[in-house]
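Worksheet: one structure, shown below.
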Amino acid sequence: MTEIAITRTTTPKQPPADETLAFGKVFTDHMFMMEYDEGQGWHDPRIVPYAPFTMDPACCVLHYGQAIFDGAKAFRGKDGQIRLFRLKDHAARVNRSAGFLCIPEIDPAMIEESIRALVEVDQRWVPSMEGTSLYVRPTIIATETFLGVHPSHSYLYYVIVGPVGPYYKEGMNPVRILASDTHVRAVKGGLGAAKTAGNYAASLLGAEEAAKAGYTQVLWLDGVEHKYLDEVGTMNIMLKIGDEVITPPLNGAILAGVTRDSVLQLLRGWGMRVSERPISIDEVTAAAAAGNLEMWGTGTAAVISPVGELGYKGERYVINGGKTGALTQKLYDTIVGIQYGTAPDPYGWTRLLGNRVGG
Ligand code: COI
């Protein structure tokens, strides 16, 4: 693997106090960059001072949205050690997303090392208060200057990082979500399984309407029948009806969440009955009306987020009395314990910052 060149800033900034952190507003002193050119491959991996970059107005990402990203996290544990969570899985997903958009793959070891090395350079920015972390945003954009529609011949891979607090203003308090039967996020055969900018653009109008109606997020239903749960856009969705934990299957229209996978492994390890199966909104509302429902979202940014209310076709369904369910709380405590190093890590999800890939 090519060595990463490091140029340190001469004007370091002051990280904000942990208590003031929101999501995605503050960035550190450095960023990682690496270019791709046809015939040359990915080249010039480097860490440089964080700064804006210039783009030609005809740059194809600005017109046709050939862009992908991912989101990972680094945690400062109670023992002061910095842990990176499931980096290998995030690196694999970067390449899966890239494949959907005809973007050339990056050596997964380089993706992992780009993140590890950047977090190492900016390690004083990793906050320590529970609920905070250093959020990592690897991104690839198409950089060729042209207005014809075809895959770009050049790309920029960059990574930015920033200290964050909770994604939702509710924190660990239950959020309210609105199941939309009018807007669609993605359809099978489309880009729903890729972490690409367009999926988030597609979610904005529905999310604005949900916000006006007092909801935090949209629960996207399948794009054909508007009947089966897909995901929330900012997180995957899970629920418990009786003794069955259910989450929609990876059907090509939803993102394969890393936290989703972590939760499924934990639940199966606890011997619970877990189904990855299509679940209709009618089954969910019936369970909610019968008071037999616990519901939560899973995501890197959202962690484990309880759902306290579901809106659908003008009805409001209060879930679990609007309170965080016992299983939701147990999942949150377990995942957060692993991430901050206060609980055992039986699946080997975390890696200490000092350990290089293969080291
Ligand atoms: C993440 O959870 O990392 C995401 O990318 C979701 C995004 C809406 C913040």
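Only heavy atoms go into these numbers, but all of them, side chains included; no hydrogens, no water, no symmetry mates. Both counts, for ligands and for their atoms, begin at 1 and track the order of listing. Residues: numbered from 1 along the sequence shown.
- D70 pairs with exactly one of R93, K195, R96 by the salt bridge (charged side-chain N to carboxylate O under 4.0 Å, His left out) rule, that one being R93.
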Let me have the donor-acceptor pairs involving side chains of residues 201-213, under 3.5 Å, with sequence neighbours excluded, atom names and distances please.
unit_1: S203; atom_1: OG; unit_2: Y200; atom_2: O; d: 2.7
unit_1: E209; atom_1: OE1; unit_2: H183; atom_2: NE2; d: 2.9

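- The salt bridge (charged side-chain N to carboxylate O under 4.0 Å, His left out) contacts involving residues 321-338 comprise nothing, where partners must be two or more places apart or lie in separate chains.
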May I have the list of side-chain donor-acceptor pairs in residues 103-111 shorter than 3.5 Å, sequence neighbours left out?
unit_1: D107; atom_1: OD1; unit_2: A109; atom_2: N; d: 3.0

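- We find the CG-CD1 distance between L156 and I140 to be 9.0 Å, quoted to the nearest 0.5 Å.
- Near ligand 1, residues F23, F69, G71, Y135, R137, Y167, K195, Y200, T234, T300, A301 come within 4.0 angstrom through at least one heavy atom.
- When the shell of 6.0 Å around NZ of K188 is examined, it contains 12 or fewer heavy atoms from other residues, nucleotides or ligands.
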